[in-house]
Structures are given as C-alpha cells and as structure tokens.
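Right, one structure below, let's go through it.
Just so you know, these numbers come straight off a predicted model, no measurement behind them.
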Amino acid sequence: MSFPLLTVTAALPAIGAIATAAVPAARRTAAKWLALGVSLATLVLAGVVFARFEPGGDRYQLTESHAWIADFGVRYELGVDGIGVALLALTALLIPFVILAGWHDADPLETNSSRWRPTQGFFALILMVEAMVILSFVATDVFLFYILFEAMLIPMYFLIGGFGDRAHAGSDENAATQRSYAAVKFLLYNLAGGLIMLAAVIGLYVVAGSFSLSEIAEARADGSLDMATSTERWLFLGFFFAFAVKAPLWPLHTWLPNAMGEATTPVAVLITAVVDKVGTFAMLRFCLQLFPEASKWATPVIIVLALVSIVYGALLAVGQRDIKRLIAYASISHFGFIVLGIFAMTSQGQSGATLYMVNHGLSTAALMLVAGFLITRRGSRLIADYGGVQKVAPVLAGTFLIGGLATLSLPGLAPFVSEFLVLVGVFSAYPVAGVIATVGIVLAALYVLVLYQRTMTGPVREGIGGMPDLKVRELAVALPLIALLIFLGVFPKPVTDVVDPAVRHTMHDVQKKDPQPEVEAAK
C-alpha cells in the first residue's frame, strides 16, 4: 500500500486541533505556537502533494480507497485533481497567516482567566476547519464529501458566535446579540442547503447504486447508467442549491455580510477565502461531472444569477459605511465572476474561475487582514472614523492599497489574470453577459478607491494621530501575501499548468467545445 499522503495531510491539523485544545488553560502562548507549528507542517505536506501531482497524469492522483459503511456502499475514497490540488495548497497556505493575524484575538479579557481556555479553543477550531476543508477538496465519495460539507459548519458556528469582533460598535450586550444572530443565520442557511443536498445524495444512490464519483462517471460514460432527464435535473438542483448557499450566490448570500461583519477578522478570512471555496469547487467537481445535461439546461438561469451577484454585490459595496461589510459585499461580486466562469462552459472561463478562486483567496486575505490591523488600532469598523492614516502609518496604508488594487483586478496583480480569463471565456459564448459583467469591474474600482481615499488620505482625524505602523508579526502576515499577488500576477503558469488539464476533463464531461471565432473572408 502506498503512503496515504492525502489522509496524513488532512489528519495532521485534526490531530493538532485536539492537541491544541488540550493545552492547559494557563499556557495560552504555548497553544498558539503549537497551532502555528501544526499549520506550517500541514503547509509542508500540502507542498509535497502539489509537487507530486503530475498535470499530464491521471485525472485523480494519490488515490486512496477503503471500505467504510459497506452495507450502504459508502467508501473512504480520496483523490486529487488539478482543481483540488490548487485549492488544497491555497487552504494550507492561508491558515498560518490566519493564525498569526489572530494571535491576540481570543485572549480572555478577564484578569483571572486560569479556568477558561478561549485561546486554545479558538485555534483548535481553526485547525479543525482546515482539516475538513482539505478533505472536502480530495473526497471522491459523494457521501463522504457530504459529511465533510456539513461537519465544517459546527466549528465555524462556534468561531463566529463565540469569538466576535472586539471592534464592534455598541454595547457588549448588543455585540453578543449581533454575533449570535450572525452565527445562527450562517448555520440555518447552510443547514437548509445541506438538507436539500442530502435528499439529492440519497436520490443519486437510488438511481446510480453507488456513491463513488469515479464509478458513477464511468457508468455514465459507457451508457450503463442512463438517468431520466427529469431525475437528473432534480438531483442537479438539490446539489446546486447547497453549493450556491455556500458560495454564496445571490439571492442566497445574505448570511455572508453578517457573518463576516461580526466574526473576528481572521475568521472572516477563513469564511470567504477558504470555506466558501468549497461551494464553487463542488459545482465543478459534482454538478458538471455528475449531471452534465442538467448543468447545460440550467446554464442560462445560473448566468443571470451570477450577473446579478456581480452587479448587486458591487453596488452594495459602494454604499457601505462598514469596512468589513464592504469587503463582504465585494466578495459576493467576485463569487459571481467565479460562477459565471464555471457555467460559461468554455475552457478559458473555467480555468479563469479556478484561478479566480485561488487569487480571490489571496487578495481578500491580504485586504481583510490589513483592514483588521487597522480596525484593531482604531477600535472602529466605520469608514467615517478614519482619515489621514497614510501620514502616520505609511506601511499599513501601502499594504492596504495593494490589497485593494488586487481586489479591483489591477493589471500586474494576480486577480487580473483570472478575471481576464473569465471575461474572455464569457465573451466567446455569451457576449451580452460579458458586457454586463464588466460593470462589476468599474464598480470595483469605485468602491476600492473611495474606501482608500476616505480612510488613508486627507487630514489626520482625531484618534488617528498616534496610530502605530505595522509591527513585525503583522508584516509577516501582509508581505508574503502581497509578494504572492505580484508573483502570480506576472507569472500564473505554476497554477494554470496544474488547472488546465482538469478543466479539459470537465469540458469533456459536459461535452462542450470552445466556440470558434468568426473570421470574415478577406475581400
């Protein structure tokens, strides 16, 4: 038996979570360093997975398969494709930055806190989320994926509801109420999507007699599994609904601004840069591969929903007064681009969408974490409470600017490449949709530049004058993310080389070919 690299990569943060939670209450610093060490070791293993993956090899590599619930045909099956390995690497890369950025976010406020372990619990929950997300990117058994898809809601619920943003404006009682509301809303929305998906998972087993993604795909390819059109469409809708909630796609998005606004900044990054990617990833892996005809049938409606997400999210971002909610609505707009690229059913669109998932994770993490450092210094999330920051904290202002420019997809930074590929793919198949999507780009420039102007430029407002610049720990978070945004902006080949073969497999699943450009004959 070959070494179970994928299992070990996911098991390490899970074991680390248990060890971190078990650290004695008085040794909070030891718990932090243990969590950081585990996340870095997981990053090393993820690097080994990425290095061992062969883009020109089998579709699923480093596979593992073991009987789990034999009576129901459920197996513990893992395998990583090009899309999964890119997102696995992104997850493992971001978690150390999340832990570093949240170094003091869960320290107890009480003087005598030897009986409580909020710090240990905070970092243990982050590691547990990492383990579940990594497994979800490599699970090739539909039932196993469903278990992980739902189980990750539990630690996220406690991270949102139990560790709120200390910069919340208002009384402590009001802040606790808002946190509880955001956590419950997050849980209810995602549980509703998960329950509908469970019905679809059971229906798929009844029709296909298996939960194995590879077995179902092979049966569909050789004609031994022939789903009725209506059955395939209903099953597709059950899966897609759950993924659209997680993504989040309009009109199922309303939980995201509340969750990101009330959570600590690192947890907000965990939500939008890591956990939400499971939804868009699953659209590619499960919706398009298991239900190709239904995916094509639903494409016109999904494209409309994606366009609404792009424009609606950007418009609401323009009007926000809260920094974190502005970034949340910007993410809704960006997820609209990702879904648009997936369902454009072109190789450029799907490659761009996958690259967008990676680049959005990096750019949102950079912008949100630096914004979190800013909010911690001032104690307020309101844009109106800032002004002139660049005069007293130029490094903070500069990193904030680069994160913002990446968010608006400035050429030379990583998101530009992915957004360009998405638009190329969309224009070649749906020109009108491509034109509408460009409105989101214009609005992105508006909300990012206005945010920077109001917070960083102008006269120094009261309460800003003594603001310190970024410290060593904060620079260790911001600078590597900015370096990656620049590197992938000028040289995206390491990611595209891995992603493109997987996209070709997906295009083959849905039996689509790229539209050929119309060239008029020379007169």
(request) Ignoring hydrogens and angles, state whether a donor on the side chain of Ser331 or Thr272 is under 3.5 Å from an acceptor on the partner side chain. (result) yes
Smallest heavy-atom separation, Thr63 atom then Gly79 atom, equals CG2-CA, 4.1 Å
Gln320 meets the side chain to side chain donor-acceptor pair (under 3.5 Å) criterion, sequence neighbours left out, with none
Exercise. Verify, without hydrogens or angle tests, whether Ser295 (side chain) and Cys287 (backbone) share a donor-acceptor contact under 3.5 angstrom.
Key: yes
Hits for side-chain contact (heavy atoms from CB on, under 4.5 Å) against Glu474, two or more places apart or cross-chain, chain-then-number order -> Phe373, Arg377, Leu470, Lys471
Would you mind checking if Glu262 and Arg381 are paired as a salt bridge, meaning a charged N to carboxylate O distance below 4.0 Å?
yes
In a table with atom names and distances, give each donor-acceptor pair under 3.5 Å that connects a side chain of residues 488-496 to protein atoms at least two apart or in another chain.
residue : atom : partner : partner atom : Å
Lys493  : NZ   : Asp497  : OD2          : 2.6
Thr496  : OG1  : Pro492  : O            : 3.3
Thr496  : OG1  : Lys493  : O            : 3.3

Those residues at least two apart in sequence (or on a different chain) that pass side chain to side chain donor-acceptor pair (under 3.5 Å) with Tyr452 are Gln390
d(Leu369 CG, Leu374 CG) to nearest 0.5 Å is 12.5 Å
Quick one: are the ring centres of Tyr312 and His253 less than 6.0 Å apart? yes
Smallest heavy-atom separation, Val133 atom then Val275 atom, equals CG2-CG2, 4.3 Å
Between side-chain atoms of residues 428-444 and protein atoms elsewhere (two or more places apart, or another chain), which donor-acceptor pairs fall under 3.5 Å?
residue : atom : partner : partner atom : Å
Ser428  : OG   : Val424  : O            : 3.4
Ser428  : OG   : Gly425  : O            : 2.8
Thr438  : OG1  : Val435  : O            : 2.4

Parallel, tilted or perpendicular: ring planes of Phe145 versus Phe243, cut at 30 and 60 degrees: perpendicular
In this structure, CD of Gln350 is separated from CG of Leu421 (nearest 0.5 Å) by 12.0 Å
Heavy-atom nearest pair, Asn359 first then Ser418, reads ND2-OG, 3.3 Å
Sorted by chain and number, sequence neighbours left out, side-chain contact (heavy atoms from CB on, under 4.5 Å) with Pro480 holds for Phe97
Between Phe122 and Asp105 the two heavy atoms that sit nearest each other are CZ-CB, 4.5 Å
Looking only at heavy atoms, the pair that brings Tyr386 and Ile375 closest together is OH-CA, 3.3 Å
In short, Ala244 meets Leu252 closest at the heavy-atom pair CB-CD1, 3.9 Å
Next on the checklist: One thing to verify: whether Asp81 and Arg59 come together as a salt bridge, which I'm taking to mean a side-chain N less than 4.0 angstrom from a carboxylate O.
Outcome noted: no
Report task. Dump the intermediate steps for side-chain contact (heavy atoms from CB on, under 4.5 Å) on Ile160 and Ile271, then the final yes or no. Result -> CA-CA 10 Å; Ile160 297 169; Ile271 294 169; 3.9 Å; yes
